[in-house]
S.K.: 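This is the structure I have questions about; it appears just below.
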Amino acid sequence: MPQFDLHFLAPLTFWSIISFLILMVILYKYALPAITGILDARQEKIKGDIDQAEKLREDAEKLKGEYQRKVIKAEEEAEGKIQAAVVKAKEISDGIVKESHEAAADDRAKAQLGIDIERKKALAEVRNQVIDLTILSSSRLIQQSMQRKTAESLVDDVIKEVGKLS
Amino acid sequence: MKQHNPLEHFELHPLIELKLLGIDISVNKAVIMMWIICILIPALFMFAVRGRRMIPNRLQSLVEISVEFLKNMVVENMGKEGLRFFPFIATLFFFILFCNLLGIIPGSYTVTSQIIVTALFAIIVFIISQIVGLMKHRLRYFKIFVPEGVPKFILPLIVPIEIVSMFARPLSLSVRLFANMTAGHTILIVFFSMAISLKYIGFIPFLVTVPLSGLELFIAFIQAYIFTILTCVYIGEAIKMH
């Protein structure tokens with residue numbers, strides 16, 4: 001096999017060592033630090049990003065809790081306001097009903113009064129008519145047949161009778 | 001028709017004759033491939049991470065994932081302490097991976113099919129793991145050859161086995177990579193030369209080379225991974241002592 005030819009032992013060994021050393025120095029000085037630098041920088045960045053995200057999440061959580069409390073409070077307040085409004089509305093409606101009842105009662109009373117007055121008026125009119133008629137008829141009768149005295153007593157009687165009618 | 005030697009592909013020829021203090025350091029095809037890799041890997045990395053995008057594109061993601069993957073491999077096998085070996089492990093992985101991958105390109109040369117190269121890296125890994133173990137645990141490091149919970153009377157048998165297995169590690173590490181790369185490429189060469197020499201039914205071996213090339217691609221990754229993870233395991237064992 002040509003590889004076992006020791007003729008090339010010295011040059012191959014020499015150049016292998018030289019090449020390897022040069023390559024190692026270049027990689028150690030330049031290439032590897034560049035790569036690990038990038039890797040480290042990225043690691044730092046990712047760590048920072050995660051930390052920041054965690055912080056933002058915590059903040060959001062806190063805000064959420066705060067808003068939840070606010071919402072609950074607002075709901076409670078709204079509930080109270082609605083309750084108060086309902087109570088007030090009931091009061092108002094009660095008042096309106098009462099007022100209308102009163103007004104109705106008033107109207108009825110007024111109407112009753114009017115009716116009474118009208119009736120009294122009517123009665124008075126009827127009485128006046130009766131009186132007129134009676135007087136008329138009495139005066140005819142007196143004129144025709146009766147003495148003055150009898151006529152007067154008759155008139156008195158009629159007046160009395162009419163007076164009882166009211 | 002001239003019959004090709006399937007192993008001819010692995011032969012090296014000096015392209016530029018060079019000598020340094022009497023040592024032959026001639027440049028050949030494998031050396032040129034190493035130079036290309038030395039330029040290609042940093043260029044690729046720098047191109048991938050240019051602009052240092054926070055949201056990576058595909059290439060940047062790929063580079064980042066492979067670096068993360070290697071880092072996890074190091075930490076898993078050696079613990080946090082092992083991270084100082086990370087540049088070494090990463091370089092080893094990418095070097096072997098690109099040696100394997102570029103070798104698939106026709107006309108190029110598979111550096112890892114040279115047992116001299118794989119053995120060199122295996123020996124370096126072995127030496128590093130021994131030095132790390134000795135520096136960390138001093139003389140207690142030799143307890144690594146004495147497994148815990150083994151009855152005393154078997155120890156004379158176990159300790160030599162442990163020592164042999166320890167020294168077999170660089171051998172197995174180097175031969176595994178070298179053999180995989182050599183075998184894969186040899187099979188590809190055999191099928192390709194069949195495809196040429198069989199003329200009319202040459203398309204049959206050619207059809208075989210298509211899935212084989214895919215397999216080679218897969219093996220290129222797997223072998224780089226195996227070499228690197230075994231390095232992590234060996235050094236990790238020296239650090240943790242169990």
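All of these numbers come straight from a predicted model, not from anything done at the bench. Chain letters run A, B, ... following the sequence lines, proteins first and then strands; every chain starts at 1. All heavy atoms count here, side chains included; hydrogens, waters and symmetry mates do not.
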S.K.: Looking at B:Ala90, B:Pro87, B:Ala30, which one has more heavy-atom pairs under 4.5 Å with chain A than the rest?
M.R.: B:Pro87
S.K.: Using salt bridge (charged side-chain N to carboxylate O under 4.0 Å, His left out), reason through B:Glu237 and B:Arg169 one step at a time and then give a plain yes or no.
M.R.: CA-CA 13 Å; B:Glu237 214 168 67; B:Arg169 279 173 179 182; 2.4 Å; yes
S.K.: Check B:Gln114 against B:Phe178 and note the closest heavy-atom contact, atom names and distance.
M.R.: C-CD1, 4.3 Å
S.K.: Is B:Ile39 in contact with chain A via its backbone, its side chain, both, or neither, using a 4.5 Å heavy-atom distance?
M.R.: neither
S.K.: Which atoms of A:Phe14 are under 4.5 Å from chain B, going by heavy atoms: the side chain, the backbone, both sets, or neither?
M.R.: side chain
S.K.: Under 4.5 Å from any heavy atom of chain A, what part of B:Val67 do you find: side chain, backbone, both or neither?
M.R.: side chain
S.K.: Heavy-atom distance under 4.5 Å to chain B: side chain of A:Leu27, backbone, both or neither?
M.R.: side chain
S.K.: Could you state the interatomic distance from OG1 (B:Thr112) to CG (B:Leu102), rounded to the nearest 0.5 Å?
M.R.: 9.5 Å
S.K.: Using only heavy-atom distances, determine whether the side chains of A:Gln129 and A:Glu125 contain a donor-acceptor pair under 3.5 Å.
M.R.: no
S.K.: Heavy-atom distances under 4.5 Å only: say whether B:Phe121 touches chain A with side chain, backbone, both or neither.
M.R.: side chain
S.K.: Take B:Glu81 and B:Lys136 through the salt bridge (charged side-chain N to carboxylate O under 4.0 Å, His left out) test and state the conclusion after the steps.
M.R.: CA-CA 11 Å; B:Glu81 227 181 310; B:Lys136 191 167 163 64; 3.0 Å; yes
S.K.: In terms of heavy-atom proximity below 4.5 Å to chain B, should A:Leu12 be classed as side chain, backbone, both, or neither?
M.R.: both
S.K.: B:Thr182 side chain to B:Ala179 main-chain N or O, any donor-acceptor pair under 3.5 Å?
M.R.: no
S.K.: Quick check on A:Ile18 against chain B: is it the side chain, the backbone, both or neither that has a heavy atom closer than 4.5 Å?
M.R.: neither
